[in-house]
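Atoms considered below: every heavy atom in the structure, side chains included; atoms not considered: hydrogens, waters and symmetry mates. Lettering of chains follows the sequences in order, A, B, ..., and the numbering in each one begins at 1.
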Protein chains: 2
Amino acid sequence: MSDRLNTPSERSVKNSGLTVRVSRTDDQAPAETMQDRAYQTLRHALIVGKLPPGKGISLRAMAEDLGVGVMPMRAAIARLSAENALAVHDNRRVSIPEMTMDRFDQLMQARLLLEPACAMRAIGAIDTAALARIRAHDDQMNASYQSGDAELYMAANYAFHFEIYRAGQSEVLTRLLESIWMQFGPFMRKVYGLVGTARLTDKHEIAINAIERRDVTRLKLAIEADILDGMDLLGKSIFTDANDSLLSKGRSAGRSGRKSGTSGDAA
Amino acid sequence: MSDRLNTPSERSVKNSGLTVRVSRTDDQAPAETMQDRAYQTLRHALIVGKLPPGKGISLRAMAEDLGVGVMPMRAAIARLSAENALAVHDNRRVSIPEMTMDRFDQLMQARLLLEPACAMRAIGAIDTAALARIRAHDDQMNASYQSGDAELYMAANYAFHFEIYRAGQSEVLTRLLESIWMQFGPFMRKVYGLVGTARLTDKHEIAINAIERRDVTRLKLAIEADILDGMDLLGKSIFTDANDSLLSKGRSAGRSGRKSGTSGDAA
DNA sequence: GGTTTCAAATTGTGATCACAATTATTATGA
DNA sequence: TCATAATAATTGTGATCACAATTTGAAACC
C-alpha cells in the first residue's frame with residue numbers, strides 16, 4: 001500500500017467463485033479505477049451466468065472476494081443496480097434478480113425490438129476485420145458448445161452479438177442492450193443446464209452470410225430468429241411450477257444469505 | 001403564436017437552480033434515504049430540462065446546493081451516470097451530456113420501438129381512475145403550454161406518457177424508457193425555447209380516445225405519431241451549424257478544458 | 001419438540017479525512 | 001503584450017470510522 005497503484009499490474013486473486021481477473025467481456029472502459037475493475041468483474045460474471053438468480057450480494061463480503069476495498073465495491077454495486085443488473089430490495093439489500101415469466105417476456109420483447117434495429121444500423125460499418133472477429137466469436141461459441149463450457153459459450157454468444165452491434169457505433173442503443181443482457185444472463189445460465197440446447201438451424205451462420213452480402217433484411221430476420229430460438233427453447237415451458245423451484249434455488253436476499261457459495265450445478 | 005414557451009435564457013445559471021424540494025416526477029421509490037432524495041431531485045431536474053446540456057456537475061458543489069452530504073450525492077451521481085443521464089468523461093469529470101444528431105436519432109428510434117409496445121401492453125390495464133389521471137396530465141400540459149411554463153409542460157408530458165406505460169406494469173421496459181427520457185430532457189428544454197412548439201394535431205387526444213375504445217392499433221399509431229411530431233419539430237433542422245453553437249452553449253466538461261460555461265454568473 | 005427471547009454478528013448508509021490529478025489563478029519571464 | 005512557470009483551489013477516488021437496522025445463533029422457555 002505504498003504509493004499510487006494506478007497500474008493494473010498486481011491482481012490479488014482471492015477465493016470464491018469469481019476471481020479478480022480483469023476479464024473484460026468487451027472493450028469497454030479502460031477500467032483504470034478500482035471501482036471499474038470491480039464493476040467489470042461483476043459484469044462479466046453476470047453476462048456469462050456465473051452468478052445464480054436470487055444470490056445475495058453483500059457489500060463487504062463481495063469486496064473481500066474481489067480483493068478490492070469497500071468503496072470501489074460500493075460504487076460497482078450501485079452502478080449495476082442502476083443498470084437493473086442487480087436488484088435492491090426494501091431492506092436495502094442487494095441480490096441477483098429473480099426471473100419471472102413476465103420479466104422474461106419483457107426482456108425478450110426489448111431484445112426483439114432493439115437488436116435487429118441495432119444490427120441494421122451496423123451492417124454497413126462491418127469491415128472484413130470486424131467480420132473476422134464475428135466469425136471467431138461464432139467459432140468459439142460452437143467449440144464451447146461441444147466442450148460443454150457453458151460460461152465460455154455464453155461469453156462467446158455475447159461477444160458475437162455485440163461485435164455486430166458495436167460496429168454501428170450506436171452507443172445509446174448498445175447501452176440499453178447491455179443492461180438487458182446482464183439481466184437475463186444469470187437466468188440463461190441456469191436454464192442451459194436444464195434444457196438441452198438443441199440448436200435447430202444456426203441463425204448465426206445466416207447472420208454472417210447476410211452481413212457478407214450486405215443484406216439488411218436478411219440480417220434483421222436472422223437476429224430475430226436467433227432471439228426467438230432462445231425464447232422458444234426456454235420460454236414458457238420453463239416457468240412451470242415444477243421447474244420454478246429449481247430456478248429459484250438461491251432464495252431472495254430478503255432473508256438469509258448463507259448460501260453464497262451456490263455456484264455449482266454445472267451443465 | 002409560435003414561441004409560447006419560455007426560453008431557457010432565464011435559467012438561473014448558478015448551480016443553485018434546483019432546490020432540495022423532494023419534487024418527485026413520479027411515484028417511484030420511497031426516497032427515504034438521502035441518496036434517493038438527491039437522486040430524485042436531480043432526476044426531476046433532468047426530465048423537465050432544468051439543467052442545460054454540457055453543464056458540468058461537481059460532486060461537492062452539487063452536494064452543497066442540494067443540501068445533502070457528499071456521500072449521498074456521490075451515490076446519486078453514480079446512479080444517474082449508470083443510467084446514461086449524466087456523462088462521465090476521461091477526466092473522470094461528470095456533466096450533462098451534450099446532444100448530437102446521431103444520439104438524438106438513436107434516442108428517438110428507441111422511443112419509437114419501445115413506447116408503442118409499452119402502451120399496447122398497458123391498454124388493457126388502464127381503468128377509469130388511471131384514465132382520469134392521464135387526462136389530468138394532458139390538461140396540465142395544455143395549461144402549461146398556454147401559460148408558457150416549459151418545465152411544467154415537460155413534467156406533464158412525462159407524466160402523461162408514463163402514466164400509460166406504468167399501467168401495464170412493464171417494469172423492465174419502463175426502466176429503459178426512463179433512462180431514455182432523462183437523456184433527451186435537457187436537450188428538449190433548450191430546443192423548446194428556440195422552435196415554436198406548434199402542435200399540429202393533438203396526438204394525446206387521439207391516444208386517450210384509443211384507450212377509451214381499447215383500440216390497440218390506434219393507440220400504437222397515436223404514440224408513434226406523437227414521437228414523430230417531436231422528431232419532425234426539432235429533428236434534423238436543429239442540428240445545423242448555425243444553431244449548433246446555440247445548443248452547445250455550455251461546453252463539454254471534457255478534454256477541451258473549460259469547465260461549465262455557467263461557472264460564473266451570466267453567460 | 002417447537003416457539004420465544006436476547007445478545008452477537010453483519011448489513012447498508014453516511015461522515016470525515018487523505019491523496020493524487022486537474023483546473024484555475026497568479027506570478028515571472030522574455 | 002504574450003507566453004511560461006509556479007502556486008492555489010477544486011476535482012474524483014478511496015480508506016476508515018461510526019451508527020442504526022436487520023439478520024443470525026444460541027440459549028431459555030413453555
Side-chain angles (χ1 to χ4, degrees), chain A residues 1-8 10 12 20 29-40 55-82 86-95 250-260, chain B residues 15 20 29-40 55-82 86-95 250-265:
Chain A
M1 166 139 44
S2 48
D3 20 16
R4 288 282 294 178
L5 34 95
N6 263 349
T7 53
E10 42 80 38
S12 53
V20 159
E32 56 183 29
T33 65
M34 307 244 70
Q35 64 185 58
D36 279 335
R37 287 238 325 253
Y39 169 78
Q40 295 292 351
K55 175 186 171 77
I57 300 294
S58 161
L59 179 59
R60 291 175 175 87
M62 188 65 67
E64 190 176 3
D65 279 357
L66 297 190
V68 300
V70 181
M71 287 297 301
M73 185 53 56
R74 203 206 288 217
I77 290 177
R79 181 171 174 187
L80 289 165
S81 301
L86 297 178
V88 291
H89 301 82
D90 299 333
N91 346 356
R92 300 175 180 180
R93 209 140 287 193
V94 181
S95 69
R251 241 29 223 145
S252 146
R255 40 172 281 246
S256 96
R258 272 290 70 119
K259 49 178 41 188
S260 41
Chain B
N15 276 344
V20 178
E32 56 183 30
T33 65
M34 309 243 67
Q35 64 184 56
D36 279 336
R37 286 239 324 258
Y39 169 78
Q40 296 292 350
K55 176 183 169 72
I57 299 295
S58 160
L59 179 59
R60 290 175 175 87
M62 188 66 67
E64 191 175 1
D65 282 354
L66 297 190
V68 301
V70 181
M71 287 296 301
M73 185 53 55
R74 203 206 288 218
I77 291 178
R79 180 170 174 188
L80 288 166
S81 301
L86 297 179
V88 292
H89 302 82
D90 299 335
N91 346 354
R92 301 175 180 178
R93 208 140 287 192
V94 180
S95 70
R251 288 240 61 74
S252 154
R255 295 197 44 80
S256 61
R258 267 173 48 89
K259 210 180 75 176
S260 73
T262 62
S263 60
D265 189 6

Between [options], spot the one nearest the side chain of [X], thanks.
X: Gln35(A); options: dT11(C), dA15(D), dT13(D); value: dT13(D)
X: Arg92(B); options: dT13(D), dT11(D), dT13(C); value: dT13(D)
X: Ala61(A); options: dT11(C), dG12(C), dA15(C); value: dT11(C)
X: Arg93(A); options: dG14(C), dT13(C), dT23(D); value: dT23(D)

- Message: Which residues pass the side-chain contact (heavy atoms from CB on, under 4.5 Å) test with Ala82(A), not counting sequence neighbours?
- Response: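 Listed in chain order: Arg79(B), Ala82(B), Glu83(B).
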- Message: Can you list everything that forms a side-chain contact (heavy atoms from CB on, under 4.5 Å) with Ser81(A)? Sequence neighbours excluded, please.
- Response: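 Counting only residues at least two positions away or on another chain, Ser81(A) forms a side-chain contact (heavy atoms from CB on, under 4.5 Å) with Ile77(A), Leu86(A), Val88(A), Val94(A).
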- Message: On the nucleotide dT13(C), are OP1 or OP2 found under 4.0 Å from the side-chain N or O atoms that Thr33(B) carries?
- Response: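 For dT13(C), OP1/OP2 do not have a side-chain N/O of Thr33(B) under 4.0 Å.
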- Contact under 4.0 Å: Asn91(A) side-chain N or O vs dT23(D) OP1/OP2: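 So the side chain of Asn91(A) is within the cut-off, an N or O lying under 4.0 Å from OP1 or OP2 of dT23(D).
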- Could you walk me through whether Met71(B) and Arg74(A) pass the side chain to side chain contact (heavy atoms under 4.5 Å, CB included) check? CA-CA 11 Å; Met71(B) 287 296 301; Arg74(A) 203 206 288 217; 3.1 Å; yes
To the nearest Å, give me how far apart [atom1] ([X]) and [atom2] ([N]) are.
X: Met71(A); N: dT16(D); atom1: CE; atom2: P; value: 12 Å
X: Glu32(B); N: dA21(D); atom1: CD; atom2: C1'; value: 11 Å
X: His89(B); N: dT22(C); atom1: NE2; atom2: P; value: 15 Å
X: Arg37(B); N: dT13(C); atom1: CZ; atom2: P; value: 16 Å
X: Met73(B); N: dA15(C); atom1: CE; atom2: P; value: 11 Å
X: Met62(B); N: dT11(D); atom1: CE; atom2: C1'; value: 14 Å
X: Glu64(A); N: dT10(C); atom1: CD; atom2: C1'; value: 13 Å
X: Leu59(B); N: dA15(C); atom1: CG; atom2: P; value: 12 Å

Would you tabulate the pairs of protein nitrogen or oxygen atoms and nucleotide nitrogen or oxygen atoms of nucleotides 17-20 of chain D closer than 3.5 angstrom?
none

- Message: I need the minimum non-hydrogen distance between Leu66(B) and Ala38(B), along with the two atoms involved.
- Response: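 The answer is CD1-O, 4.2 Å.
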- Over all atoms of both residues, closest heavy-atom pair of Gln35(A) and Ala76(A):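 Of all heavy-atom pairs spanning Gln35(A) and Ala76(A), the closest is O-CB, 3.8 Å.
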- Under 4.5 Å between any side-chain heavy atoms of Pro72(A) and Arg37(A), yes or no?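 Not in contact.
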- Message: Please enumerate all residues that pass salt bridge (charged side-chain N to carboxylate O under 4.0 Å, His left out) together with Arg92(A), with sequence neighbours excluded.
- Response: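 Partners of Arg92(A) by the salt bridge (charged side-chain N to carboxylate O under 4.0 Å, His left out) criterion, ordered by chain and then number, come out as Glu32(B).
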